[in-house]
There are 2 protein chains.
Amino acid sequence: MKPVKISEAVVRRLPLYLQVLNDLHKRDVQTVSSQELGNKLDLNPAQIRKDLAYFGDFGRKGIGYDVTYLIEKIRQILKLDQPLFVALVGAGNLGRALSNYTTYLKDNMKITAIFDANPSIIGTQINSLTVQPIDALKETVIALNIRIGIITVPAVEAQSVADRFVEAGIEGILNFAPTVLRVPDDIRIHYADFTTELLSLAYYLDKEGNEENEPAMD
Amino acid sequence: MKPVKISEAVVRRLPLYLQVLNDLHKRDVQTVSSQELGNKLDLNPAQIRKDLAYFGDFGRKGIGYDVTYLIEKIRQILKLDQPLFVALVGAGNLGRALSNYTTYLKDNMKITAIFDANPSIIGTQINSLTVQPIDALKETVIALNIRIGIITVPAVEAQSVADRFVEAGIEGILNFAPTVLRVPDDIRIHYADFTTELLSLAYYLDKEGNEENEPAMD
DNA sequence: TAGATTGTTAATCGATTAACAATC
DNA sequence: TAGATTGTTAATCGATTAACAATC
């Protein structure tokens, strides 16, 4: 019916819309315009309207978008209207941090298994989950109907974890390790490597350090 | 001399190049072609050549790029040829994880101050740094010549931390909280919100859960 | 009715890719 | 010299934005 290909840029903005909408909902706001959404997210209103229109006519001319309805619709689009189970490999600091974070996500995503290679970590509890050995990955992923895998191991181990995820039939991977992963085309990979963001941030700093004062512009 | 504006897309790829180059360097590879880099990063070789050519003629026709030289050049471009000091606010799980991570970064970036609002965390040690009260932020940032701030506090507190960073004269912010921040135009903000990545990942999963088997394609 | 705001088309803008002369 | 690969221009592709008729 809708043969139009949705671009990645559009899909990546949907969670941002959801973020703001959830906030508005919490504050009992009933209706929001693309204008207001654009203000809050620093995005062009036309872009927001166009993004949403790819998926249906969710707004009302002259009125705007119903907050509750739009939340429901975006959840559906993102397939978050059903519980989605996630496995995490790498129970180090970052892994533990994410385990806490994502538990709080009310967005139907839940980490239901944690794995690690380190014998001294295996068997410990994180958020009521027992850390399992990596060898248990495939069996557990299948048994718990886990569809997304998070990788928080060092870069050198990331590919072998990805291989295990693929073998276990996972459909998507969120990789925190600073390395590009090789997986079959039908597996989706998103990268969450903050070192990239941090290093590129440095580019935008003012010139040569701030020991020297920059001359004023006027 | 070079009045060409460099796009964000280009700058964000530079750390990726650095990643692969560092790896090649470790394995004593002397020279690399745009073709090989493209293979490793899943990028078009022409794009890589074009990206690099914005900043100078770093390659040799018929040969490729000298690994060591290119690393040095990209470091210069990213202004990582000098030490760059970073402050972190939010000494929770994520903050602790990042403190460890970034310490290992040999790329001249170093977290040199950690802050938190929680009295029971203030005064504790993380990686030989003592967690300081937020009220000490401005003074410390100035004293230690800190130019980048990392925010790892809950979303509701993120804006007030950003305001403090701005007031302290920070030049760039890496925000892990899932919220858009308002800062003056001359302050650069990068977002490292993995919830966005995780939620958008769900969009690409196969249809309606995997209880039902999908019909095979052939 | 008048004001507001959507959905959508057309125009603009920007980024990626192909192609190739230059040259190591 | 022949093969390889850069730097760069031109062509293509895709994404953003402006504008406006439709309509609540």
Side-chain angles (χ1 to χ4, degrees), chain A residues 1-17 20-21 24 29-71 73-74 77 180 196 200 203, chain B residues 1-17 20-21 24 29-71 73-74 77 180 196 200 203:
Chain A
M1 328 233 164
K2 292 228 167 198
V4 191
K5 203 73 196 157
I6 308 296
S7 84
E8 296 199 15
V10 173
V11 175
R12 269 165 212 278
R13 280 190 293 267
L14 295 178
L16 298 179
Y17 301 155
V20 173
L21 289 166
L24 290 171
V29 177
Q30 309 288 313
T31 290
V32 68
S33 68
S34 60
Q35 186 65 244
E36 294 170 87
L37 282 174
N39 284 153
K40 286 182 191 298
L41 288 166
D42 263 337
L43 294 176
N44 185 302
Q47 182 171 64
I48 294 174
R49 294 199 298 279
K50 199 164 199 279
D51 283 356
L52 296 174
Y54 282 118
F55 303 99
D57 290 4
F58 302 144
R60 292 218 293 158
K61 294 190 171 71
I63 309 285
Y65 300 89
D66 182 89
V67 172
T68 307
Y69 180 69
L70 193 52
I71 288 175
K73 281 302 173 185
I74 294 181
I77 296 163
V180 175
T196 301
S200 62
Y203 175 84
Chain B
M1 328 231 166
K2 291 231 168 196
V4 191
K5 203 74 197 154
I6 309 296
S7 83
E8 296 200 14
V10 173
V11 175
R12 269 165 212 280
R13 280 191 292 268
L14 295 178
L16 298 179
Y17 301 154
V20 172
L21 289 166
L24 290 170
V29 177
Q30 309 288 314
T31 289
V32 68
S33 67
S34 60
Q35 186 65 245
E36 294 170 87
L37 282 173
N39 284 152
K40 286 184 192 297
L41 288 166
D42 263 334
L43 294 176
N44 185 301
Q47 182 170 65
I48 295 174
R49 293 200 299 279
K50 199 163 197 280
D51 284 356
L52 296 174
Y54 281 118
F55 304 98
D57 291 3
F58 302 145
R60 291 219 293 159
K61 295 190 172 72
I63 308 284
Y65 299 89
D66 183 89
V67 172
T68 306
Y69 181 69
L70 192 52
I71 288 175
K73 281 302 171 185
I74 295 181
I77 295 163
V180 175
T196 301
S200 63
Y203 175 83

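Chain letters run A, B, ... following the sequence lines, proteins first, then strands; residues in each count from 1.
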State the pairing partner of dC24(C); accept Watson-Crick or G-U wobble contacts with both distances under 3.5 Å, and report none otherwise.
dG3(D)

Quick check: are there more than 12 heavy atoms from other residues, nucleotides or ligands sitting under 6.0 Å from CZ of R60(B)?
no

Figure out the CG/C1' separation between L43(B) and dA18(C), and round it to whole Å.
16 Å

Under a 3.5 Å limit on both distances, the Watson-Crick or wobble mate of dA18(C) is dT9(D)

Over how many whole Å does the gap from K50(A) atom NZ to dC13(C) atom C1' extend?
14 Å

V67(B) and L21(B) have their tightest heavy-atom pair at CG1-O, 3.6 Å

Within this structure, what is the CG-to-C1' distance between D57(A) and dA22(D), rounded to whole angstrom?
12 Å

Inter-residue atom distance E36(A).CD - T31(A).OG1, 0.5 Å rounding
9.0 Å

Distance in angstrom units between L37(A) CG and dG7(C) P, rounded:
12 Å

Heavy atoms only, 4.0 Å cut-off, all strands: where does R49(B) land among base, sugar-phosphate and nothing?
base

What's the CZ-P distance between F55(A) and dG7(C), to the nearest Å?
13 Å

Whole Å only: how far is the CD atom of E8(B) from the P atom of dA15(C)?
9 Å

